[in-house]
*Asks:* 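Can you keep this structure in mind? I'll have questions shortly.
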Number of protein chains: 2
Amino acid sequence: MAKKTNTEIKASTEEKIKEAARTVFTKKGYAGTRTRDIAEEAGINLALLNYYFRSKEKLFKVVMIEKMQKLFGILSPTLNDATTSLDQKIVLIVNLYADMLLKNPDLPIFVLSELNLNHDGFGSDFQPHKILGESVFVKQLHAKRPDMNPLQFVSGILGMIIFPFIAKPIFKKAIGSEKAFEAMINERRALIPKWVKAILKTK
Amino acid sequence: MAKKTNTEIKASTEEKIKEAARTVFTKKGYAGTRTRDIAEEAGINLALLNYYFRSKEKLFKVVMIEKMQKLFGILSPTLNDATTSLDQKIVLIVNLYADMLLKNPDLPIFVLSELNLNHDGFGSDFQPHKILGESVFVKQLHAKRPDMNPLQFVSGILGMIIFPFIAKPIFKKAIGSEKAFEAMINERRALIPKWVKAILKTK
DNA sequence: GTCTATAACCTGATAGAC
DNA sequence: GTCTATCAGGTTATAGAC
């Protein structure tokens with residue numbers, strides 16, 4: 001099939017396997033994935049997978065760390081930007097997630113489901129909540145609403161933007177096409193910031 | 001076949017298996033579950049599982065239908081109650097979910113994850129979005145805010161109350177103990193209705 | 001109805017040729 | 001580095017005794 005002659009575009013075998021692993025693990029979950037599926041998807045042999053990564057679990061871990069970073073790492077720069085207001089940050093966060101999740105619709109359900117199943121705790125490797133910590137965002141929130149628990153506040157925002165993707169099978173049935181789902185998410189880009197501003201205003 | 005003397009024992013064993021299946025499937029997911037695990041959890045033999053339910057998949061389907069009903073069926077009576085106001089319905093829904101989810105914390109991630117993995121489409125058996133349809137709730141919302149898309153509105157509410165349970169592994173690390181997590185959810189019982197009222201008031 | 005034993009198949013991982 | 005062939009162990013489901 002595909003010949004490996006390209007030295008400029010680094011389509012290394014290792015990367016091909018990783019890319020295949022991303023696809024298959026995301027689609028079938030860790031337990032539902034067979035290493036054979038990944039090898040086939042990568043267009044290589046099963047033995048080669050074990051040559052590059054030593055086991056199914058090690059390959060999974062590589063993919064999982066990446067995915068967690070993609071899902072939560074997105075927050076950090078925005079939360080700590082001293083040049084934007086609280087209201088601006090909310091608009092930015094909602095749109096960052098809308099963009100990223102429309103491109104990776106099953107990222108949240110994959111990551112959160114596998115985290116929940118907890119095949120060995122690599123929860124220890126990553127602390128997304130520390131992003132919040134003493135961020136500029138939290139300070140700005142405290143200045144405006146000292147009574148508001150930052151975690152409760154952020155849960156509200158993330159829940160509103162991420163939930164439709166987690167419950168996508170339900171929403172797809174409720175509204176029909178993929179296009180309609182995307183339209184709904186795009187409508188939420190304006191809706192959620194408006195809602196959050198209302199929440200911040202009312203004691 | 002015509003014998004009815006052992007009906008009670010039969011029902012009891014069948015229920016024991018079902019209960020074990022609920023536990024193990026929820027904890028490990030469909031693909032991660034071995035029928036042996038269920039048999040052991042039920043305190044019976046593996047062969048007996050296949051005697052009552054014909055296969056792993058059939059047993060799973062029984063459990064899954066139940067779980068979906070538990071997660072979404074809870075909405076219907078409240079949404080269609082003509083004796084409560086819109087504001088009252090919101091308080092009721094948030095507290096119904098808080099109660100139910102504190103008792104079944106991994107119900108949402110289980111159902112939504114398995115729906116997403118979609119091992120054969122039994123999505124066709126169940127249409128939770130039809131609960132919304134022409135409900136009293138939607139009529140009340142339309143009377144108050146004709147501009148508000150009911151699906152967007154409900155997504156917001158459900159997202160805010162369900163999301164912490166779906167992202168529970170993250171939240172647990174952020175706030176420490178199980179007790180602290182429960183306290184956070186209990187705080188949300190008052191928080192979310194207040195927020196939703198603010199959303200409804202502000203155009 | 002309930003068990004033991006086993007069939008039939010699947011899956012992760014490795015040995016060894018090229 | 002990459003392949004084919006295969007091993008060792010695990011998994012669902014069933015046959016057959018009680």
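Below, chains carry the letters A, B, ... as their sequence lines are ordered, and counting in each starts from 1. Hydrogens, waters and symmetry mates play no part in the numbers below; they use all other heavy atoms, side chains included.
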*Asks:* Picking from C:dC3, C:dT2, C:dA13, which would you name as closest to the side chain of A:Lys56?
*Replies:* C:dA13
*Asks:* We want to know whether B:Lys89 and B:Thr78 form a side-chain donor-acceptor pair, criterion being a heavy-atom distance below 3.5 angstrom.
*Replies:* no
*Asks:* Taking only the side-chain heavy atoms of A:Asn50 (C-beta and beyond), determine which of C:dA15, D:dA13, C:dA13 contains the nearest atom.
*Replies:* C:dA13
*Asks:* With a 3.5 Å cut-off and heavy atoms only, can you find an N or O donor on one side and an acceptor on the other between the side chain of A:Arg36 and the base of C:dG12?
*Replies:* yes
*Asks:* Using whole Å, report how far OH of B:Tyr30 lies from C1' of D:dT11.
*Replies:* 11 Å
*Asks:* Measure the distance from CG on A:Leu49 to P on D:dT4 and round it to the nearest whole Å.
*Replies:* 15 Å
*Asks:* Within the supplied structure, the quantity of interest is the number of heavy atoms (other residues, nucleotides, ligands) at a distance under 6.0 Å from B:Glu40 CD; does it exceed 12?
*Replies:* no
*Asks:* Using a heavy-atom cut-off of 4.0 Å across all strands, would you classify A:Leu46 as base, sugar-phosphate, or nothing?
*Replies:* base
*Asks:* Is there a side-chain contact between A:Asn45 and the phosphate of D:dT4, meaning an N or O under 4.0 Å from OP1 or OP2?
*Replies:* yes
*Asks:* Using the salt bridge (Lys or Arg N to Asp or Glu O under 4.0 Å) rule, collect all pairs that involve residues 65-86 of chain A, keeping only residues at least two apart or in two chains.
*Replies:* A:Arg22-A:Glu66
*Asks:* Measure from CZ on A:Phe53 to P on D:dT2 and round the result to the nearest Å.
*Replies:* 12 Å
*Asks:* Taking the minimum atom-to-atom distance to the side chain of A:Arg34, which one of C:dT11, C:dT2, C:dT4 wins?
*Replies:* C:dT11
*Asks:* Counting side-chain heavy atoms from CB outward, which of D:dG1, D:dA13, C:dC3 is closest to A:Tyr52?
*Replies:* D:dG1
*Asks:* Quick check on D:dT2: is either OP1 or OP2 less than 4.0 Å from any side-chain nitrogen or oxygen of A:Thr13?
*Replies:* yes
*Asks:* Rounded off to whole Å, could you give me the OH-to-P distance for the A:Tyr51 and D:dT4 pair?
*Replies:* 17 Å
*Asks:* How close or far is atom P of D:dA5 from atom CG of A:Leu48, stated in whole angstroms?
*Replies:* 16 Å
*Asks:* Would you say the ring centers of B:Phe60 and B:Tyr30 fall short of 6.0 Å from each other?
*Replies:* yes
*Asks:* Starting at CD1 of A:Ile38 and ending at P of C:dC10, how long is that distance when rounded to a whole Å?
*Replies:* 19 Å
*Asks:* In whole angstrom, what separates B:Glu40's CD from C:dT2's P?
*Replies:* 18 Å
*Asks:* Relative to each other, are the rings of B:Phe153 and B:Phe137 parallel, tilted or perpendicular (30° and 60° limits)?
*Replies:* parallel
*Asks:* With a 4.0 Å cutoff (strictly under), does any side-chain N or O of A:Thr35 reach OP1 or OP2 of C:dG12?
*Replies:* yes
*Asks:* Whole-Å distance between D:dC3 C1' and A:Lys16 NZ?
*Replies:* 13 Å
